[in-house]
Amino acid sequence: MRVDSLILRTAVRYLFPLLLTFAVFVFLRGHNDPGGGFVAGLVAAAAYGLYSIAYGAEQARRVLGVETRLLIGIGLAIALLSGLAGLTSGLPFMSGLWIDLPLPSPLNKIGTPLLFDLGVFLTVLGVTLTIIFALEEVE
Amino acid sequence: MNILILLPIAIPLATGIATLLAYRSRMIQRWLNVIGSTALLAAAIVLLTEVAGQDILVTQVGNWPAPFGIILAVDLFSAIMLLLTGIIALAVSVFSLFTIDAAREQFGYHQLYHFLLMGVSGTFVTGDLFNLYVWFEVLLISSFVLLALGGERAQMEGAIKYVTLNLMASAIFLAALGLLYGIFGTLNMADLGRIIAQGLSPQERGPVTALAMLFMAAFGIKAAMFPLFFWLPDSYHTPPVAVSALFSGLLTKVGVYALVRVFTLIFIHDTGFTHTLLLFLAGLTMITGVLGAVAQYDMRRLLSFHIISQIGYLLMGLGLFSAASLASTIFFTVHVSIAKTALFLVSGALYHRYGTYDLKKLGGAYHHMPGLAVLFLLAALALAGLPPLSGFFAKLGLVRAGLAQGHYLIVAVALGVSLLTLFSMMKIWNEAFWKDRPDHDQRISSLRGEGRNWTTLLISVASLSLLTAIMGLGASPAFELALGAGAQLMNPDLYIQAVWKGAP
Amino acid sequence: MNEWLLALPFFILLLAIPLALWMRQQGLTTAQMGWLLALFPLASLVMMGYAVLSAQGQPVAVSIPWAPAFDISFSLYLDGLSSLFALLILGIGALIVIYAGGYLGSDPNIGRFYAWLFLFMFAMLGVVLADNLLMLFIFWELTSLSSFLLIGYYHHEAGSRSAALQALLVTGGGGLAMLAGVVLLGQIGGTFEASALLVQGKALQHHPLFVPVLALILLGAFTKSAQFPFHFWLPNAMAAPTPVSAYLHSATMVKAGVYLLARLNPILGGHPIWLYAVGGVGAATMLVASVLAYSQTDLKRLLAYSTVAALGTLTLLIGLGSPLALKAAATFLLAHALYKGALFLVAGAVDHETGTRHVPRLGGLLRAMPLTATAAGLAALSMAGLPPLFGFIAKELVYESGLEAGPIWMAVALFMGLSTVFVAGMTGVAPFWAKPSEKLPHSPHEAPSTMWSGPLLLASVGLLTGLLPAGAAERIIGPAASSMAGQTIPVKLVLWHGITPAFLLSVVTVVVGTLLFAYRTSLRLTLQRLSWPWGPAYLYERSLDGLNALARFQTRLLQSGALRYYLLTIVLSVVVTVGWVLLRSGVPWVLPLSVNDVLFYEAALAVLILGATLAAILSPFRLGAIAALGVVGAGIALIYLMFGAPDLAITQFAIEALTVILFVLAFYHLPRFKNLSSPSVRRSDAVVALLTGSLMTLLVLVAVDVEISPVVSRFFAENALTKAYGRNVVNVILVDFRSLDTLGEITVLGVAGIGVYALLKFRKGRTKAESAAPSLARRSAQPAQAASAAPALTPSVPLPTDDPAEASKGGEAS
Amino acid sequence: MEVVLAIVVGGLYAAGIYMLLRRSLVKLLIGLAFLSHAANLLIFTAARLNRAAPPVIAPGEQALTAPYADPLPQALILTAIVISFGVTAFALALAYRTYRSVGSDDLDEMKGTEG
């Protein structure tokens, strides 16, 4: 499925970091404005997906640095752990724990729900890339 | 106590994640599978002892009270179903260690196994209808992959039907959920039960019954109720036998659980219509299922059709709608899951030895493997309802409830179908065990049935078969427990109050 | 003390099961096993006998609680009736155990044989001792099961297997009816304890459910005791080893039905239906079995038909129900067990020694087998009803009961008496005294002691009780008849009681019966010419065929393999039920339909979506359809955006784009769309689809018509920021309020990812399946490109695998 | 407006069912996609439509000020969309694999499992 095009490669070289940054932005604003871990995960996946189209799946895997299925596992693990965190304070599963940070909004409140959203982000990224790479490698 | 309710979901999830992270090592995955299943069983036992002594356990996920957050609630019924899940999970996971090939293990068998268990347990503990939908999807997608894993043509063909019809069920379920929310503005099951119990306006009554029909269809497809069961016989015989066994033990029972839950807690405003319909469908499910089985010569297909006919019995208890009949349904569910899983494992053991599931080609097993023969006989006769095995008491409970309530026709059907069940079980016995092997020059297959693997493989079969015998000899305490569960179900206020009170 | 003597035999008999298997392992000879194992029933018999004697005529009872949730207790009750049966079960049982040691001399599986036999003995003892009717039923079914396993003992032979199955189905089916009857009886009587029900006497007969209860219980009893029209399984059950035939299918199990009738006579008896149903069926059985007996030539089948006739006699006598008839029943029961048991064992010995059971071939065995012949002679004389044997006394009583009841009943009894004489001659006389017609397969010798001791003992007891009937009358028959009647019946038996009408009829019977025996060959040939094939056995076969045909038909009909029919059925089921409920409640007619508030661009969007939908359906190109699907998704996203759901809109857009890409990637290589269905199919599908669509529209309108409670959504609106620290309420719900949903959701995603990966990349030793089944006809369509489709992971070396799916597939493809 | 969307929902269901009943595997999948669209839109409509502001708490406010669109159905639909995406992706792969092993996208050729 790799497309051999110099223009595409050049474009991707600039788009790739841009998309990743955008993903982080979407992720962070999610709790207060439309956005969130899911969409951010898709955006990040789009970045790697484009990269793989330009440079091939194998190269994209190398840039990602983690086996995609492992990413799914890590994402789920983070989500589960964020849920279990509440238990340590004697609260039910998935209870939010929050810490105030001396930072500007939206970074001033850090809590387990955000950690959970990070889990969502990683899982979505992992799944989408697993599918994209697999499709590319089969074709 | 909070942690306790959580365990049935958290343990399989954690196990699934751990096996996913250990995707490189089959050995670690195998160990994790068995450890996770054992832990699940242990958790279920603790939960049951906890629930048996006292009230319904409730936790508010995220510390948000009902009906706003999601509630997990475990009553006796749920706890019994969880125990069943643990038993089946452990038995099949041990069995699969010696029957699942390396390729399937590499491609995620063990993860899928536990994600499936997570979905199953989730359905048993959740107190929220939408959350129920989510757990359904978790177990469905896991079952999809388990079914298709291997990519054989028969598997693909079976999976296409399985996937399509189950997605159809999901679509119906989702629509019913949306409409229910549109009418009542809530999806908490206890809340819905409370609102409906307070009385519906004439304007609401018809639509709510219509929604009940949608739920009946959605769960009926999953439970393999007549006339919605088509996906089952076309798919259950295609994957490796461990997967068939797992599915037969747990998946349709999830549908039955959901039916029982919503038709005892929520939709009890028009039982004259809804539950009579259930009774009617129960009879047809029994008959069509068992006739399907009679026509089969492939052992696993035969067993698959029996799943359907047994579902009819479970629905019969719900349709009769009394504490005793519901108790019988619960007892029956546990019995039939264990017996049926054991039978599937027997078919696997036969396959392991002779390389076929075809009854016409099988034979001589009584001679070669008398131990397995006895184990088969225990499970098969239990399924046919012969005393003093578990199935007899399950049937007896239903028959007594049916006769006491004057529903003679369904009792007659239930008894007649149990004769046909006996007939087709003895067909397996005659063909696979008593008859001589028809084809002697066929290398007595591979006779792979030697050594350590064989013994370990038999352990799973033996533990389940003996369990049906134990459940028969110890029927009384088991049924007392089920009676407690049935009484709780017939008094939905208990559930509603427990959820309302929230976590203690 | 007595109570425990009642329960202990059960444990003793159970203990014999593992012990039998163990003994076999230890290498004992079968004869040794027989002698040793016979001690178990003997010990049990002694215990029971002691219990009876020390109870001084009072019933002994013990109750051990077992399953109170089902009202089942292990309660035992030993009175005259059960003592008589227990005596037969344990006494004859001990002889059979010894006999089997000789009969199955070289059988390597004798351990299993004894295991099943003791299981049966345990169950049978339970049937006659159980006081709790549900417990009785449990034992009852266990006897059916062990009978099944024993009939099919020679399981290599198809005949044995089908006979075993037939017996199981017939008795099992009757058993199920009986279960319903017993449960109903317990429900109307308020208890399942027979002793407690007996106290209520005939009071239950006024209950409206009495007739169904009676019918159901009779069905159980009749099938078990091989009454017409269920008699056919018993002759076929002769496929069992002879000790089994003698024990189960003559002396004990088949009498369980008679036992049940006798036991329940005080409650159920005396009703007019009882007389005609029980008496009538008994009479019919006697007639049918007598006629059928004349055309038999096989020793065991002859005995089987005469057993059926005897069971009919017992049933008839219980149906008549007078004190005399019950006395006759108890006497005949004992006499029959003695002579028929002996004759069966003789038949086995003859078969064992000569290699045939074909009566016309047999003869002249007197010299070679004198002891066996003596036993046979005594038993045959008893069976023919000649003095001074016990059979004579029994038959006189039967005739007296017939005379008492009326000429028709008497005629039936007489008819049966003739065939009894005939069968006695065929089985007890002909093989020993007649001339042999041809050379026998083996040259006969006297049977081993294991095999002649039993029949000789039984036959001698028949002689002894005939000469000195008083003891048996007082100790055994009197109490048994009293239990049957529910009141004390004094029994005095004497061998000679003068020349009575019954005696004269006896003389006639013997004379005519002997004549029939003398002309046996022409009688048989005549009857065989007249034989009528459409009996109940034929019906049984046809109904099995019919069942199989029906099953295949139904499965083809319902489980056609075609997905679209499955879908159609499901969709129509939903539409019909939901639609009917809505119509019934009259909801659709009162809906307010207002479109005043629709804005122009909203309407346009709706039209766009519907248009794209239509385009997706009609598009002849795959990519066109997929693109149209994308437009639909995008349109829905716009709706979300318009109605205050930006998060939904973004997600919907993103996913729609991704889905379209996946669709294209996956289906890029597929062939063009074809219209595979005919226009008429498409039209009818369109009707179904539109019906479903309309129903859903209706449901939405119904739902929005109701006032909705805003409580739940208001909670989120108020608490999202203050308690969950987020302004985007939807996101807060997703990651906090309902985070469990999201956890499940990402699990689904994760599994889907694993699944897609596995499906696309899974490759393994396909070659293995092919090499194992080279003839496997793979469809030619199996594309060559499939193999090349995923070169990355195809292993060149076949992996070892235990994968069942492959071979199951192989089995199906062929 | 509910009336109009109810009709759209009905149309989507009809399209989904019609496509499911075709013999082509691809059409089957398109049908499933229609069904999931239909169900999502049904939830959205049944929970009442609101042209008002999205359920995002404005800066300076402590809670949503009425009128606002009900956030709960939105969250439910979001979950449903994601789930159906996962399932659809899997179904696509399944269909792909099926096509590869059966060699046709005609469902009537996939009756190997019939009774």
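So you know, we letter chains A, B, ... as the sequences are listed, proteins then strands, and number each from 1. The analysis underlying the following values was restricted to heavy atoms, covering all of them including side chains, and did not include hydrogens, waters or symmetry mates.
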Aromatic ring proximity, centroids under 6.0 angstrom, B/Phe136 and B/Tyr133: no
Part of C/Val711 lying under 4.5 Å from any heavy atom of chain B: both
Engaged part of B/Asn188 at the chain C interface, taking heavy atoms whose separation is under 4.5 Å: neither
Parallel, tilted or perpendicular: ring planes of B/Phe226 versus B/Phe229, cut at 30 and 60 degrees: tilted
Residue part contacting chain B, namely of C/Leu759, when any heavy atom lies under 4.5 Å: side chain
Under 4.5 Å from a heavy atom of chain C, the part of B/Leu403 involved: both
Closest heavy-atom pair and its distance - C/Thr555, B/Gly292: OG1-CA, 3.5 Å
Side chain / backbone / both / neither for C/Leu179 at chain B, heavy atoms under 4.5 Å: side chain
Per-residue contact mode, C/Trp140 against chain B (heavy atom under 4.5 angstrom): neither
Contacts of type salt bridge (charged side-chain N to carboxylate O under 4.0 Å, His left out), residue B/Lys427, not counting sequence neighbours: none
Closest non-hydrogen atom pair between B/Pro239 and B/Arg300, with its separation: O-NH1, 2.6 Å
Proximity breakdown for C/Leu165 and chain B, heavy-atom pairs closer than 4.5 Å: side chain
Proximity breakdown for B/Asp270 and chain C, heavy-atom pairs closer than 4.5 Å: side chain
B/Tyr366 and C/His155 aromatic ring geometry - parallel, tilted or perpendicular at 30°/60° bounds: perpendicular
Side chain / backbone / both / neither for C/Ser709 at chain B, heavy atoms under 4.5 Å: both
Contact origin within C/Glu745 toward chain B - heavy atom pairs under 4.5 Å: backbone
Proximal component of C/Leu550, with respect to chain B [non-hydrogen, under 4.5 Å]: side chain
Interchain contact, C/Leu149 with chain B, by part (heavy-atom threshold 4.5 Å): both
Mutual orientation of the aromatic rings belonging to B/Trp64 and C/Phe715 [parallel < 30°, tilted 30-60°, perpendicular > 60°]: perpendicular
Interface moiety of C/Ala164 toward chain B, non-hydrogen atoms closer than 4.5 Å: side chain
Heavy-atom proximity to chain C below 4.5 Å, by part of B/Leu116: neither
Heavy-atom proximity to chain B below 4.5 Å, by part of C/Val704: neither
Greatest number of heavy atom pairs closer than 4.5 Å to chain B - which of C/Val706, C/Val183, C/Ile570: C/Ile570
Chain B contact via C/Glu707 - which portion, at a heavy-atom distance below 4.5 Å: backbone
Chain B contact via C/Thr577 - which portion, at a heavy-atom distance below 4.5 Å: both
Between C/Phe137 and B/Phe392, ring centroids under 6.0 Å: yes
Test side-chain contact (heavy atoms from CB on, under 4.5 Å) applied to C/Leu557 - qualifying residues, sequence neighbours left out: C/Phe553
Near-ring test C/Trp66/B/Phe393, centroid separation under 6.0 angstrom: yes
Whether C/His156 and B/His367 hold their rings parallel, tilted or perpendicular, with breakpoints at 30° and 60°: perpendicular
Residue C/Ile72 versus chain B: region with a heavy atom under 4.5 Å: side chain
